[in-house]
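Just so it is clear, the model here is predicted, and its values are computed rather than measured. Worth knowing before you read on, the calculation uses all heavy atoms, side chains too, and leaves out hydrogens, waters and symmetry mates. In the text below, chain A, chain B and the rest are named by the order of the sequence lines, each starting its count at 1.
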Amino acid sequence: MLQWLTEKNWFFRLSAYRDRLERWFLDNPDAVQPDYRRNEMLGFIRQGLEDFSISRAGATWGIPFPIGEGGQTAQREDGSWDAEAGTIYVWYDALINYITGAGFPDDPDAFARWWPADLHVIGKDIARFHTIYWPAMLWSASLEAPRKVWIHGWLLAAGGERMSKSRGNFLDPHDAVTAFGADGVRYVTLREVAFDRDTEVSWDSFVRRYNADLANDFGNLVNRTVSMAGRYLGGERPAPTDGGSLRVAWLHALPAYRGAIEGCLLHEALAALFEFVGAANRFVDLEKPWELSKAVKAGDADAADRLRGVLGDLVEACRLLGLAAAPFLPNTAPRLLAQLGYAYPYRPDGNGGPAILDELAWGAHAAVPGTLTAPEPLFPRLDVEPAEP
RNA sequence: GGCGGAGUAGCUCAGUGGUAGAGCAGGGGACUCAUAAGCCCUUGGUCACAGGUUCAAAUCCUGUCUCCGCUACCA
């Protein structure tokens, strides 16, 4: 049953910003990304922009609109608000929450530091608000638009269908966290899903990805490294060498990782990191520390040096991986570093501590002595696939 | 209706003119430090379909089918 309503609303003059928005898109090709999303928004701008309502009348809830009909404040002398002015449309108020959270207008220093943001990351369903409405609103307040807005896609169910409760084809985040852990969910989601578009996912694809990457490759690499260093060297942390093949592999992996991060292609960033995991695992099988250890016991002095160098390189590889992967595996990173005898240098929220690129230099702490702990699996393998929720 | 994207190995995808690729899954092998993980080798595809251009097409052009995104209109 449709019911026609007539109500008094305030409008934002979006139409006045058409040309400036189009110019902004054209002059700043990176401001809205990926490209095809940018093109969609540009198309919307070019077909013409209409003013849109920013207040609601007669709402029984909501934040009071601050301006009265005559343009004066809608707040009465007793502090109450004139209900006739209406309430603020939530999407208009949302931007106000953003900027006041960043310090506007009472903390100009904080606001100068945090605004405009280097990067807004949003879902594709709210692209128009963040890339058209909000920039125009910000300009109308003499503020700057974000430097870059990245629009990510959705996780789709089998067959490319949108997940929905009514269809029953959704993956329950709580079940996923129970099975994979919070870090595991972060990993499989950001590795399995292309961050610039929609991707089909399934419970099985997550389990396969978790087992193959986190349990078998990464977790096992750390485990075998810590285990061998403890067994062969008594737990004293071996220093990395300066001329090994693992170092060379890292010098290739780090720029690839960094470039993908800066391009917001998080799945490619993780792929670059895990290519290095593979290199480290192959390094183990190539150098065969267990054979070196036997040679050491047989009195081979050269083998002793070699063994320390090989395990030192592997420990260093694990340190670098733990730190580089920390944004994706924030709970695991400190546990990994602890097994290597290193203190995790960042706060739980990721802030504080030294510049990450300094920490990600090969051999950054080569001269620091330390003691490894007993190995403890970071990502237990899921042998039996949990029942699909 | 307009604009745009996609259709390549069982799965997820890369590959924009020069003899089809990766990861995972599957199969085999040699090892043994390790979470029966890791390493090595390997099976597997008329590149949606039909035409065309070219010495040569997954790649360029035309048409068709299917799916998806943005947007509009009809009512």
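- Only the C1' atoms considered, B:C60 is 35 Å distant from B:A25, to the nearest whole Å.
- For the atom pair CZ (A:Phe11) and OG (A:Ser55), the distance works out to 8.0 Å, reported to the nearest 0.5 Å.
- Here A:Asp198 lies out of heavy-atom contact (under 4.0 Å) with every strand.
- Between the C1' atom of B:C24 and the CZ atom of A:Phe218 lies a distance of 19 Å, rounded to the nearest Å.
- Cation-pi geometry between A:Arg56 and A:Tyr89 is met: under 6.0 angstrom from the ring centre, within 45 degrees of the axis.
- Between the side chain of A:Asn281 and the main chain of A:Asp217, a donor-acceptor pair closer than 3.5 Å is present.
- In this structure the side chain of A:Arg237 reaches within 4.5 angstrom of the side chain of A:Tyr342, judged on heavy atoms.
- A:Gly43 comes within contact range of no nucleotide atom at all, as no heavy-atom separation falls under 4.0 Å.
- Protein atom NZ of A:Lys294 is 12 Å distant from nucleotide atom P of B:C31, rounded to whole Å.
- Proximity note for A:Asn220 (side chain, C-beta onward) versus B:G69, B:U35, B:A14: the nearest is B:U35.
- The base-pairing partner of B:G21, taking Watson-Crick or G-U wobble contacts with both distances under 3.5 Å, is B:C13.
- Atom CZ in A:Arg191 sits about 12 Å away from atom P in B:A14, given to the nearest Å.
- One interatomic measurement links the two molecules: CD of A:Glu287 to C1' of B:C39, which rounds to 13 Å at whole-angstrom precision.
- Using atom C1' as the reference point in both B:A20 and B:G15, the two lie 9 Å apart (nearest Å).
- Comparing B:C73 with B:G2, their C1' atoms sit 10 Å apart, to the nearest whole Å.
- Projected onto RNA chain B by closest heavy-atom contact, A:Met41 and A:Asp285 fall at different nucleotides, the more 5' of which corresponds to A:Asp285.
- Taking atom C1' on both B:C13 and B:A6, the two are 12 Å apart, rounded to the nearest angstrom.
- Among B:U71, B:G69, B:U35, the nucleotide with an atom closest to any side-chain atom of A:Gln47 is B:U71.
- Among the nucleotides B:U12, B:U35, B:G38, the one closest to any side-chain atom of A:Thr199 is B:U12.
- Pairing for B:C67 goes to B:G5, judged as Watson-Crick or G-U wobble with the two contacts each under 3.5 Å.
- Distance A:Lys288 NZ to B:C39 C1': 8 Å, rounded to the nearest Å.
- Of the side-chain N and O atoms in A:Arg231, one or more sit less than 4.0 angstrom from OP1 or OP2 of B:A34.
- Residue A:Leu378 is in base contact, counting any heavy-atom pair closer than 4.0 Å across all strands shown.
- A centroid separation of 6.0 Å or more is found between the aromatic rings of A:Phe328 and A:Tyr187.
- In the set B:A37, B:C33, B:C24, the nucleotide with an atom closest to the side chain of A:Ser227 is B:C33.
- With B:U71, B:U35, B:C39 as the choices, the nucleotide that has an atom nearest any side-chain atom of A:Arg282 turns out to be B:C39.
- Across the protein-nucleic acid pair, A:Arg224 atom CZ and B:A36 atom C1' stand 13 Å apart, rounded to whole Å.
- As judged by a 4.0 angstrom heavy-atom cut-off over every strand, A:Phe274 is placed among residues making no nucleic acid contact.
- Distance check on atom C1': B:U35 versus B:G26 gives 22 Å, rounded to whole Å.
- For the P atom pair drawn from B:U59 and B:G7, the interatomic distance equals 12 Å after rounding to whole Å.
- With a 3.5 Å ceiling on both atom-pair distances, B:A56 lacks any Watson-Crick or G-U wobble partner.
- Among the atoms of the strands shown, only primed sugar atoms or phosphate atoms (P, OP1, OP2) are found under 4.0 Å from some heavy atom of A:Phe44.
- Classification of the A:Trp115-A:Phe111 ring pair by plane angle, with boundaries at 30° and 60°, yields parallel.
- Of all nucleotides listed (B:A25, B:C33, B:C70), B:A25 comes nearest to the side chain of A:Arg208.
- Across the P atoms, B:C41 and B:U54 are found 43 Å apart, a figure rounded to whole Å.
- In this structure, A:Asp35 atom CG and B:G69 atom P are separated by 20 Å, rounded to whole Å.
- Nucleotide B:U35 has no partner under the Watson-Crick or G-U criteria, as no pair reaches both atom distances under 3.5 Å.
- Between A:Asn281 and A:Arg128, it is A:Asn281 whose nearest contact on RNA chain B lies nearer the 5' terminus.
- The interatomic distance linking A:Asn211 (CG) with B:G38 (C1') rounds to 14 Å, in whole Å.
- With A:Glu316 contributing its side chain and A:Pro240 its backbone, the two residues share no donor-acceptor pair below 3.5 Å.
- The gap from the P atom of B:U12 to that of B:U64 amounts to 28 Å, rounded to the nearest Å.
- A:Phe65 meets the ring-ring contact (aromatic ring centres under 6.0 Å, His included) test with A:Trp10; sequence neighbours excluded.
- Pairing for B:G51 is with B:C61, a Watson-Crick or G-U wobble pair whose two hydrogen-bonding atom distances lie under 3.5 Å.
- The listed nucleotides are B:G23, B:C70, B:C13; the one nearest the side chain of A:Arg197 is B:C13.
- For B:A37, one of the phosphate oxygens OP1 or OP2 lies less than 4.0 angstrom from a side-chain nitrogen or oxygen of A:Arg381.
- Using Watson-Crick or G-U wobble geometry with both donor-acceptor distances under 3.5 Å, B:G26 finds its partner in B:U42.
- Under 4.0 angstrom from either OP1 or OP2 of B:G38 there lies at least one side-chain N or O belonging to A:Asn216.
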